[in-house]
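Some notes on the structure that comes next.
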Amino acid sequence: MSNSITTINPTDGEALETYALMDSAEAKQVVDACYEAFLDWRLVSLENRAKAVKAIGQALQDRKEELVDLMVKEMGKLPEQGRQEVDLCTAICDYTAEHGPTKLAAEERQPGNGERGIISYSPMGVIYGIQPWNFPAYQVVRYSVANIMAGNGVLLKHAENVTGSGLLLEKIYREAGLPENVFRALVISHDVSDEVIAHSAVRGVTLTGSDGAGRKVAAKAAENLKKTVLELGSNDAYLVLNDADLDVAVDTCVAGRVYNAGQTCVAAKRFVVTEKNYEAFKERYVARMQSLQVGDPTKEDSDLGPMARVDLRDGLHEQVEESVRKGAKILCGGEKPAGKGAFYPVTVLDNVTPGQPAYDDELFGPVAALIRAKDDEDAMRIANDSRYGLGGGIISKDVKRATELAIKYFDTGMVNINGYGIATPEMPFGGVKNSGYGREHGGFGMLEFVNVKAVIVVKE
């Protein structure tokens with residue numbers, strides 16, 4: 001096994017940096033240091049924690065272009081989308097700083113067995129986050145800022161191909177004034193990661209990744225009786241109902257499929273269109289998707305950059321080929337390009353049916369699956385015919401009815417109506433079924449890893 005990580009630019013295939021892996025002893029020293037820092041941080045007032053979180057948001061803005069440049073190099077993100085990502089990170093910090101002191105404040109209740117009851121939301125200890133590469137800054141900020149606000153120490157194991165981004169974030173947090181070791185990045189192997197999960201100071205584990213990775217991490221955490229929050233993959237369905245505005249439908253479904261080169265857990269991936277609209281939608285959708293330019297993310301005329309790694313691109317292509325072998329039809333794209341880099345063309349598949357990867361699995365890249373439904377009711381049935389349940393969308397002129405369908409029948413954690421969006425600090429983020437459990441954003445993430453403690457004053 002190698003004792004180092006080398007990051008690769010997916011645009012040209014060139015090596016960027018090599019980082020030494022920490023061994024077991026070095027990782028343990030970091031965990032211990034984070035725990036020692038937690039012992040002091042937990043005693044800092046909510047108001048002062050909020051100030052630290054607010055300062056992190058400002059520091060991210062101050063270092064925005066440096067962070068964006070690194071994300072472009074490490075995973076091929078378009079620079080403008082990188083800037084949007086950093087702005088979202090700052091918005092999360094601002095929201096957390098504003099609402100954290102209220103959300104985490106102790107509250108009083110009248111107990112039946114005493115004179116006064118206090119409920120405190122006490123920090124638990126060190127929280128360990130295992131994060132993916134697709135949003136190198138956002139994925140880290142999402143869980144870390146909530147837990148810093150809650151008074152926990154925070155550890156990060158970032159995806160290997162964005163190691164530099166993880167280390168830069170640690171530096172930014174520290175330069176923003178966060179006390180030493182409250183937030184630390186670990187550069188470690190999977191075996192050492194398992195040791196971190198088992199460490200007595202680690203009280204919670206949060207992972208964003210595939211459902212396969214979620215099972216492994218959850219099992220290791222359960223073995224050590226550690227709470228987990230899992231945000232896993234999905235194959236989100238976007239429903240184009242009988243009364244849909246096709247202009248809105250096409251705009252939404254193009255944006256939802258190709259943002260971040262389609263490498264988004266809540267990307268629109270399956271497009272379930274009723275018989276009434278299917279042919280018209282298909283013609284317009286394919287024309288729009290064909291018009292998009294895949295290229296060097298730093299070039300002005302590129303609508304999409306490369307995928308993050310060659311192996312991921314090759315895996316996606318295998319899913320496309322298997323879907324075709326099982327009856328799917330390629331309407332555009334679908335050919336793996338030669339040459340350097342991890343590029344893949346924008347691809348649309350028709351005749352997508354159960355048993356094909358395009359129907360059953362997550363296609364993490366710029367590949368859209370078109371699925372024909374008889375009517376609105378059948379479209380909802382198809383949407384829920386999935387082992388996943390992260391997000392989804394409904395396109396309909398009857399917003400009241402669409403909202404009712406979303407609330408009562410769509411078996412996912414999040415639903416967009418007549419548009420596409422990734423995340424917003426004010427609303428909870430998370431899924432059901434094989435898409436995981438637990439919630440982030442909207443104040444909910446601040447309460448995932450706290451000790452909800454009951455203190456009863458039996459007699460004053």
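Residues take their numbers from the sequence shown, with the count starting at 1.
Within the structure, the side chain to side chain donor-acceptor pair (under 3.5 Å) test picks out the following pairs touching residues 405-414 (sequence neighbours left out): Glu404-Lys408.
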Which is it for Cys332 and Thr347 under the side-chain contact (heavy atoms from CB on, under 4.5 Å) test, yes or no, and what are the steps along the way? CA-CA 5 Å; Cys332 68; Thr347 301; 5.7 Å; no
Step by step, work out the side-chain contact (heavy atoms from CB on, under 4.5 Å) result for Asn260 and Gln81. CA-CA 7 Å; Asn260 205 41; Gln81 293 183 4; 4.1 Å; yes
side-chain contact (heavy atoms from CB on, under 4.5 Å), that's the test. Do Thr206 and Phe449 meet it? Break it down for me. CA-CA 10 Å; Thr206 178; Phe449 293 108; 4.1 Å; yes
Decide yes or no on side-chain hydrogen bond (donor to acceptor under 3.5 Å, both in side chains) for Ser386 and Tyr359, but give the supporting numbers first. CA-CA 8 Å; Ser386 171; Tyr359 187 100; over 6 Å; no
For Leu349 and Leu331, run side-chain contact (heavy atoms from CB on, under 4.5 Å): C-alpha distance rounded to whole Å, both residues' side-chain angles, the deciding distance at 0.1 Å, then the answer. CA-CA 6 Å; Leu349 300 177; Leu331 300 179; over 6 Å; no
One pair to check against side-chain hydrogen bond (donor to acceptor under 3.5 Å, both in side chains): Thr7 and Glu17. What are the steps and the verdict? CA-CA 6 Å; Thr7 53; Glu17 294 287 344; over 6 Å; no
Apply side-chain hydrogen bond (donor to acceptor under 3.5 Å, both in side chains) to residues Tyr95 and Thr424 and explain how you reach the verdict. CA-CA 10 Å; Tyr95 179 90; Thr424 181; over 6 Å; no
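Side-chain atoms of Asn147 never come within 3.5 Å of backbone atoms of Ala150 as a donor-acceptor pair (strictly under, hydrogens ignored). Not a single donor-acceptor pair under 3.5 Å links the side chain of Lys171 to the backbone N or O of Gly166. A donor-acceptor pair under 3.5 Å is absent between the side-chain atoms of Glu107 and the main chain of Ile119, judged by distance alone. The backbone N or O of Met307 lies less than 3.5 Å from no partner atom in the side chain of Arg313, so there is not a single donor-acceptor pair. With Thr228 contributing its side chain and Leu230 its backbone, the two residues share no donor-acceptor pair below 3.5 Å. Judged by distance alone, with hydrogens and angles left aside, the side-chain atoms of Lys226 form a donor-acceptor pair with the main-chain N or O of His199 at under 3.5 Å. At distances below 3.5 Å, not a single donor-acceptor pair connects side-chain atoms of Arg174 with backbone N or O atoms of Val182. Although no hydrogens or angles enter the test, the distance criterion places no donor-acceptor pair under 3.5 Å between the side chain of Asp236 and the main chain of Arg270. Distance alone, capped at 3.5 Å, is enough to place a donor-acceptor pair between the Ser323 side chain and the Ala358 backbone. Within the 3.5 Å criterion, the main-chain N or O of Gly233 finds no donor-acceptor partner in the side chain of Asp211.
The nearest pair of heavy atoms linking Cys93 to Leu60 is SG-CD1, 4.3 Å. For the residue pair Tyr143 and Leu155, the shortest heavy atom distance occurs at OH-O, 2.7 Å. For Ala52 against Leu178, the heavy-atom pair with the smallest separation is CB-CD1, 4.4 Å. Nearest heavy-atom pair across Thr90 and Gly57 is OG1-O, 2.9 Å. Contact between Pro179 and Trp41 at its shortest, heavy atoms only, is CD-CZ3, 3.7 Å. When all heavy atoms of Glu231 and Cys265 are compared, the pair lying nearest together is OE1-SG, 3.4 Å.
To the nearest 0.5 Å, atoms CG (Asn235) and CG (Asp360) are separated by 8.0 Å. Of the inter-residue distances, the one linking Tyr420 atom OH with Thr252 atom OG1 reads 11.0 Å to the nearest 0.5 angstrom. Note that OG1 of Thr96 is 8.5 Å distant from NE2 of His441, once rounded to the nearest 0.5 Å. Separating the CD1 atom in Ile148 from the CG atom in Asn152 is a distance of 9.5 Å, to the nearest 0.5 Å. How far CE of Met75 is from CG of Leu70: 11.5 Å, rounded to the nearest 0.5 Å. Here the straight-line distance linking atom CG of Asp245 with atom CG of Asn418 works out to 8.0 Å at 0.5 Å rounding.
With Lys73 as the partner, the side chain to side chain contact (heavy atoms under 4.5 Å, CB included) test is satisfied by one option alone out of Thr11, Ile8, Leu16: Leu16. With Asn134 as the partner, the side-chain hydrogen bond (donor to acceptor under 3.5 Å, both in side chains) test is satisfied by one option alone out of Glu85, Gln139, Gln263: Gln139. The one candidate from Lys269, Arg387, Gln319 that meets the side-chain hydrogen bond (donor to acceptor under 3.5 Å, both in side chains) condition with Asp361 is Arg387.
Because its NZ or CZ atom is not both nearer than 6.0 Å to the ring centre of Tyr285 and within 45° of the ring axis, Arg288 does not count as a cation-pi partner of that residue. A cation-pi contact links Lys77 to Phe135, judged by a cut-off of 6.0 Å to the six-membered ring centre and 45° from its axis. With a 6.0 Å cutoff to the six-membered ring centre and a 45° limit on the axis angle, Arg142 counts as a cation-pi contact of Phe429. Relative to the six-membered ring of Phe444, Lys103 meets both conditions, a distance below 6.0 Å and an angle of at most 45° to the axis. In this structure, Lys336 fails the cation-pi test against Tyr344, since its NZ or CZ atom is not both closer than 6.0 Å to the six-membered ring centre and inside 45 degrees of the ring normal.
By the 6.0 Å contact criterion, CD on Glu47 is enclosed, its count of non-hydrogen atoms from other residues, nucleotides or ligands being greater than 12.
Judged by distance alone, the side chains of Gln84 and Tyr259 do bring a donor and an acceptor atom under 3.5 Å apart. No side-chain donor from either of Ser396 and Asp398 sits under 3.5 Å from a side-chain acceptor of the other. Looking at Glu74 and Ser165, their side chains do bring a donor and an acceptor atom within 3.5 Å of each other. No side-chain donor from either of Thr18 and Ser4 sits under 3.5 Å from a side-chain acceptor of the other. Looking at Asn181 and Glu36, their side chains never bring a donor and an acceptor atom within 3.5 Å of each other. Using modelled atom types, one finds a donor on one side chain and an acceptor on the other under 3.5 Å when comparing Gln61 with Asp87.
Salt bridge present: Arg184 and Glu170 bring a charged side-chain N and a carboxylate O closer than 4.0 Å. Residues Lys216 and Asp194 are not paired through a salt bridge, judged by the lack of any N-O separation under 4.0 Å between the basic side chain and the carboxylate. Remark: Asp314 does not engage Arg309 in a salt bridge, criterion side-chain N to carboxylate O under 4.0 Å. A salt bridge is defined here as a Lys NZ or Arg NE, NH1 or NH2 lying under 4.0 Å from an Asp or Glu carboxylate O, and Glu65 with Arg83 meets this definition.
Considering only heavy atoms from C-beta on, Ile395 stays 4.5 Å or farther from Leu239 through its side chain. A 4.5 Å side-chain heavy-atom check between Arg215 and Leu232 finds every atom pair outside the cut-off. Proximity of Phe271 to Val240: side-chain heavy atoms (C-beta onward) are nowhere separated by under 4.5 Å. Put simply, the side chain of Asp12 does not reach to within 4.5 Å of the side chain of Asp296, judged on heavy atoms.
Ring planes of Phe364 and Trp133: perpendicular class, angle over 60° (limits at 30 and 60°).
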